[in-house]
Amino acid sequence: MEPAFYDRPVLEVARDLIGCVVTHGECAGVIVESEAYHDTEPASHAFGGPTRRNEMLFGPPGRAYVYLSYGLHVMLNTVCEQEGIGAGVLIRALEPLSGVRLMAERRGLLPERIRDLCSGPGKLTQALGIALSDNGSDLLRGPVTITPRQAGWERPPISVGRRIGITRAVDLPWRFCVTGSRFLSAPAR
DNA sequence: CATGGGATTGACT
DNA sequence: GTCAATCCCATGC
């Protein structure tokens with residue numbers, strides 16, 4: 001992935017991240033679900049301008065914005081668009097690629113339950129061992145990295161729909177999924 | 001300084 | 001389907 005990848009409209013980045021690979025340590029997975037957020041719409045943490053919590057979103061593109069949801073779940077986002085604009089993509093689900101045994105151990109599940117390892121934004125950070133301390137991670141250098149699509153994922157079929165679990169701006173079709181994937185947090189509709 | 005809600009999950013009815 | 005867990009932080013008094 002080149003630095004300019006993230007310095008584009010967040011909707012383009014969210015779509016293009018589908019099929020790319022998130023890696024942390026020995027664990028990796030293919031992004032099969034993403035959602036875009038932008039400071040111009042009220043569902044975004046960046047809506048209303050920078051605060052100490054969301055300041056990473058307004059920083060330079062290509063870094064990780066990691067935050068805690070509901071007091072216990074860690075969420076991974078990629079910071080997008082130019083510095084000063086609060087835009088990011090929430091990674092919502094992965095298809096596990098490697099490190100499945102460790103993922104299952106972290107998730108407290110049997111390794112054969114592959115579909116349950118990363119099928120949700122809080123699940124995938126737990127499976128990959130991503131923590132709040134990874135906030136600000138350079139996605140090109142690590143410790144959390146995102147790399148381009150591999151063979152078989154050059155042209156993933158993508159479905160677009162409404163974002164999940166929010167109460168504001170609920171009608172924006174800013175959720176992107178691999179059509180028919182069994183690794184989503186919820187089916188595309 | 002107190003309060004309440006949230007980009008969720010898993011256990012339970 | 002319902003609901004509690006759990007904590008950061010934005011907001012308001």
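In what follows, chains carry the letters A, B, and so on, assigned in the order in which the sequence lines appear, proteins first and then strands, with residues in each chain numbered from 1. These numbers come from a predicted model, not from an experiment.
For the pair A/Asn54 and A/Gly71, both in contact range of DNA chain C, the more 5′-proximal nearest nucleotide belongs to A/Gly71. Residue order along DNA chain B, read from the 5' end via each residue's closest nucleotide, puts A/Arg168 first among A/Arg168 and A/Gln126.
Atom pair A/Tyr37:OH and B/dG6:P shows a separation of 13 Å (rounding to whole Å applied). To the nearest angstrom, P of B/dT8 lies 8 Å from CD1 of A/Ile164. Between A/Glu35 atom CD and B/dG6 atom P the separation is 16 Å, expressed in whole Å. Taking atom OH of residue A/Tyr67 and atom C1' of nucleotide B/dG5, one finds them 13 Å apart after rounding to whole Å. Look at CG on A/Leu68: it is 12 Å from P on B/dT8, rounded to the nearest Å. As rounded to whole Å, 12 Å separates atom P of B/dT8 from atom CG of A/Leu124. Distance OH (A/Tyr65) to C1' (C/dC9): 10 Å, rounded to an integer number of Å.
Nucleic acid contact for A/Arg92: sugar-phosphate only, since backbone atoms but no base atoms lie under 4.0 Å from a heavy atom of the residue.
Using the Watson-Crick or G-U wobble rule with both distances under 3.5 Å, C/dG12 pairs with B/dC1.
Not a single donor-acceptor contact under 3.5 angstrom links the side-chain atoms of A/Tyr70 to the base of C/dA5.
Two residues are said to be in side-chain contact when any heavy atoms from C-beta on lie closer than 4.5 Å; A/Ile31 and A/Ile18 meet this criterion. Side-chain contact between A/Leu128 and A/Met103 is present, with heavy atoms from C-beta onward closer than 4.5 Å.
At distances below 3.5 Å, at least one donor-acceptor pair connects side-chain atoms of A/Arg107 with backbone N or O atoms of A/Leu117.
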Intermediate values then yes/no, side-chain hydrogen bond (donor to acceptor under 3.5 Å, both in side chains), A/Ser181 and A/Glu95: CA-CA 9 Å; A/Ser181 170; A/Glu95 176 171 333; 4.7 Å; no
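One finds a side-chain N or O of A/Arg107 lying less than 4.0 angstrom from the OP1 or OP2 phosphate oxygen of B/dG10. The side chain of A/Ser69 contributes no N or O atom lying less than 4.0 Å from OP1 or OP2 of B/dT8.
If you take atom C1' in C/dC3 and the same atom in B/dG5, they sit 16 Å apart, rounded to whole Å.
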